[in-house]
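The first residue in the sequence is number 1, and the count goes up from there. Both ligands and their constituent atoms are indexed starting at 1 by order of listing.
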Amino acid sequence: MKVKKGKASKIGPSKKPLKHNAPKIFKTKKQKGKKRSKKSSQAPVVKSVVPVEASGRVNEILSHIHQLKPVRPVAQAAAAPSSPSAPSPSPAAAPPPLKKPRAERQAFLPPPVPEDAGDGGDADGAPEPQTAARGKKKRRKMKLAKRKLRREELLAAAETPGAKLESARFRYLNEQLYTRTGFEALKMFSRDRESFDAYHQGFRNQVAKWPVNPLDLIIKNVNKMPPSHLVVDLGCGDARLATSVRQRVLSYDLVATNERVTACDMAHLPLEDGAANVAVLCLALMGTNLVDFVMETNRILKMGGQLRIAEVASRFDSVDDFVKSLQAYGFHFISQDLSHKYFYMFSLKKVANVDRKRRKELPEITLKPCLYKRR
Ligand code: SAH
């Protein structure tokens with residue numbers, strides 16, 4: 001089984017393939033019509049990770065948030081002549097614009113604030129009537145300014161030498177996982193346990209920047225299933241699923257980061273045939289032998305057992321092909337959720353056993369490796 005070579009995918013929005021008609025089982029907050037609770041209008045705390053020059057810019061943005069004034073573009077702030085009569089937010093101290101971030105760092109950041117986000121309103125200082133429409137506009141401006149601030153904080157943090165080194169190491173280890181078999185990855189991490197911790201720290205940092213973590217959706221979904229179900233978490237990381245659902249969960253990963261995890265290659269699980277009611281593969285279809293992972297998942301699931309998969313959106317050339325190939329491995333498609341920016345989710349159930357001897361007749365399962373650009 002090969003992972004398709006060629007242009008490596010980046011984590012980030014990808015062209016979404018056509019949706020199936022089947023109903024979604026994973027719903028976004030948006031889909032449920034829930035509103036996000038309004039954030040406090042208090043200024044966000046400026047974190048210490050922001051370098052001095054960036055914090056000047058941060059403070060400028062914060063002062064604009066308080067005054068409900070539009071934020072001037074950085075270049076404009078730096079160019080503005082200082083008036084002796086009104087020496088407000090010291091233009092001389094305005095920081096230079098932050099270095100344009102690299103695409104791979106940007107992929108996880110909140111979307112950029114539109115160019116016109118700070119335009120209009122009370123630039124001339126004239127008092128405005130507090131109409132509902134204006135109030136709404138100002139709230140939106142505040143929201144955009146806060147989002148811009150958060151983005152600048154993240155960019156500034158990513159620019160520190162330590163962060164760059166960590167990120168380079170994470171990229172390297174991530175690449176190893178996508179370009180080796182599970183068995184090779186197991187050997188690699190068994191020899192160097194510390195690099196597994198470094199990989200996971202990088203993984204957590206990345207996913208923390210996503211608006212939604214797919215594991216949270218899986219947790220919600222699994223919690224709706226009968227408490228007697230046995231759940232198997234394949235490529236479990238730190239086994240958060242096991243501590244977040246009411247069912248019993250068996251957690252497997254290449255390295256056991258805590259006592260809940262059993263170290264193994266998920267192509268060879270220490271489980272009997274048909275042992276589990278539910279199998280979860282959350283961002284874990286790494287390695288060049290995806291077919292082995294899927295066949296093993298089929299083996300350990302009961303007939304009618306549920307399979308939940310979450311994968312990085314940009315890894316898919318064709319969602320339909322992916323689903324079709326899973327069907328050839330004894331899984332019936334139930335539903336999919338392609339509404340998230342960074343990942344897709346699939347819900348399937350086992351309807352047939354797959355004979356390993358037939359492996360050669362079965363289709364490849366291909367997903368692009370999720371690699372990052374080199375510097
Ligand atoms: N499911 C977790 C962690 C995802 S990171 C979460 O969503 O938070 C992907 C995990 O899959 C990594 O911990 C990696 O070690 C694991 N993994 C990749 N290939 C594996 C294999 N062949 N066998 C077991 N675990 C594997």
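The aromatic ring centroids of Y199 and F170 lie less than 6.0 Å from each other.
The closest side-chain donor-acceptor pair between D320 and S318, if any, does not fall under 3.5 angstrom.
The pair D238-R204 meets the salt-bridge criterion, since a charged nitrogen lies less than 4.0 angstrom from a carboxylate oxygen.
Under a hydrophobic-cluster definition in which Ile, Leu, Val, Met, Phe, Trp and Tyr are linked whenever side-chain heavy atoms come within less than 4.5 Å, directly or via other members, V261 and L283 are assigned to different clusters.
Applying the ring pair (Phe, Tyr, Trp, His ring centres under 6.0 Å) test to Y252 and every residue at least two apart in sequence or in another chain returns nothing.
To the nearest 0.5 Å, the span separating OG on S347 from CD on Q306 amounts to 5.5 Å.
Protein residues having a heavy atom under 4.0 Å from any atom of ligand 1 are G182, F196, H200, F203, L215, G235, C236, G237, D253, L254, C264, D265, M266, C282, L283, A284, M286, F293, listed by chain and number.
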